[in-house]
Amino acid sequence: QVQLVESGGGSVEAGGSLRLSCAASGYNYNYRTSCMGWFRQIPGKEREEVATISTGVGSTYYADSVKGRFTISEDNAKKTVYLEMNSLKPEDTAMYYCAARLLSRCWASPKAADFNDWGQGTQVTVSS
């Protein structure tokens, strides 16, 4: 099992930027063979994919709603995944969760149920 700790959430005005971080620890698997990513959720709705990255490979997937505005990246040495969020909109307001599926590459349009490990979440609020 892996422990995931998110940081970097907060409140910004529309058009602003935030950078989320997710640090992974507590496992002996080769970090280079995992799918890690970000999901978000608002009350009453399902948790939805934002972006994922195959660690060590660098291939990425994005939800259509964030393409061109968000960028997911990784630092293998630090076992950390980042989500750079630019041109934020009020509809980006949500709790953002880091997720991991070890020993797996990422794929298009994953579901939250496909991921085994989750962070505690970090709130992002965008005001108009």
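All values derive from a computational prediction rather than experimental measurement.
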Does a side-chain N-to-carboxylate-O contact under 4.0 Å join Arg101 and Asp117?
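Salt bridge: no.
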
Could you tell me whether Asp64 and Lys67 make a salt bridge, using a distance below 4.0 angstrom between a side-chain N and a carboxylate O?
yes

Compare all side-chain heavy atoms of [X] with those of [Y] and state whether any distance is below 4.5 angstrom.
X      : Y      : result
Asp92  : Phe70  : yes
Trp118 : Cys98  : no
Tyr62  : Thr71  : yes
Thr52  : Pro110 : yes
Thr93  : Ile42  : no
Arg40  : Ser65  : yes
Val50  : Leu83  : yes
Glu6   : Gln120 : yes

Between the side chains of Asn86 and Ser17, is a donor N or O closer than 3.5 angstrom to an acceptor N or O?
yes

Hydrophobic clustering (ILVMFWY, side-chain heavy atoms < 4.5 Å, transitive) - are [Y] and [X] grouped together?
X      : Y      : answer
Val126 : Leu18  : yes
Tyr61  : Trp38  : no
Met36  : Val66  : yes
Phe39  : Val124 : no

Separation of Leu103 CG from Asn116 CG (nearest 0.5 Å)
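The CG atom of Asn116 sits 9.5 Å away from the CG atom of Leu103.
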
Quick one: OG on Ser25 to NZ on Lys78, what's the gap to the nearest 0.5 Å?
15.0 Å

Heavy atoms only: give me the nearest Ser34-Leu102 pair and the separation to one decimal.
OG-CD2, 3.3 Å

Enumerate the residue pairs fulfilling ring pair (Phe, Tyr, Trp, His ring centres under 6.0 Å) with a member in residues 76-112, sequence neighbours excluded, ordered by first and then second residue.
Trp107-Phe115

Could you name each residue pair satisfying disulfide bond (SG atoms under 2.5 Å apart) that touches residues 33-65, not counting sequence neighbours?
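Non-adjacent pairs meeting disulfide bond (SG atoms under 2.5 Å apart): Cys35-Cys106.
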
Would you sort out whether Arg69 and Lys89 count as a side chain to side chain contact (heavy atoms under 4.5 Å, CB included), showing the intermediate values?
CA-CA 10 Å; Arg69 300 188 298 121; Lys89 304 175 181 180; 3.8 Å; yes

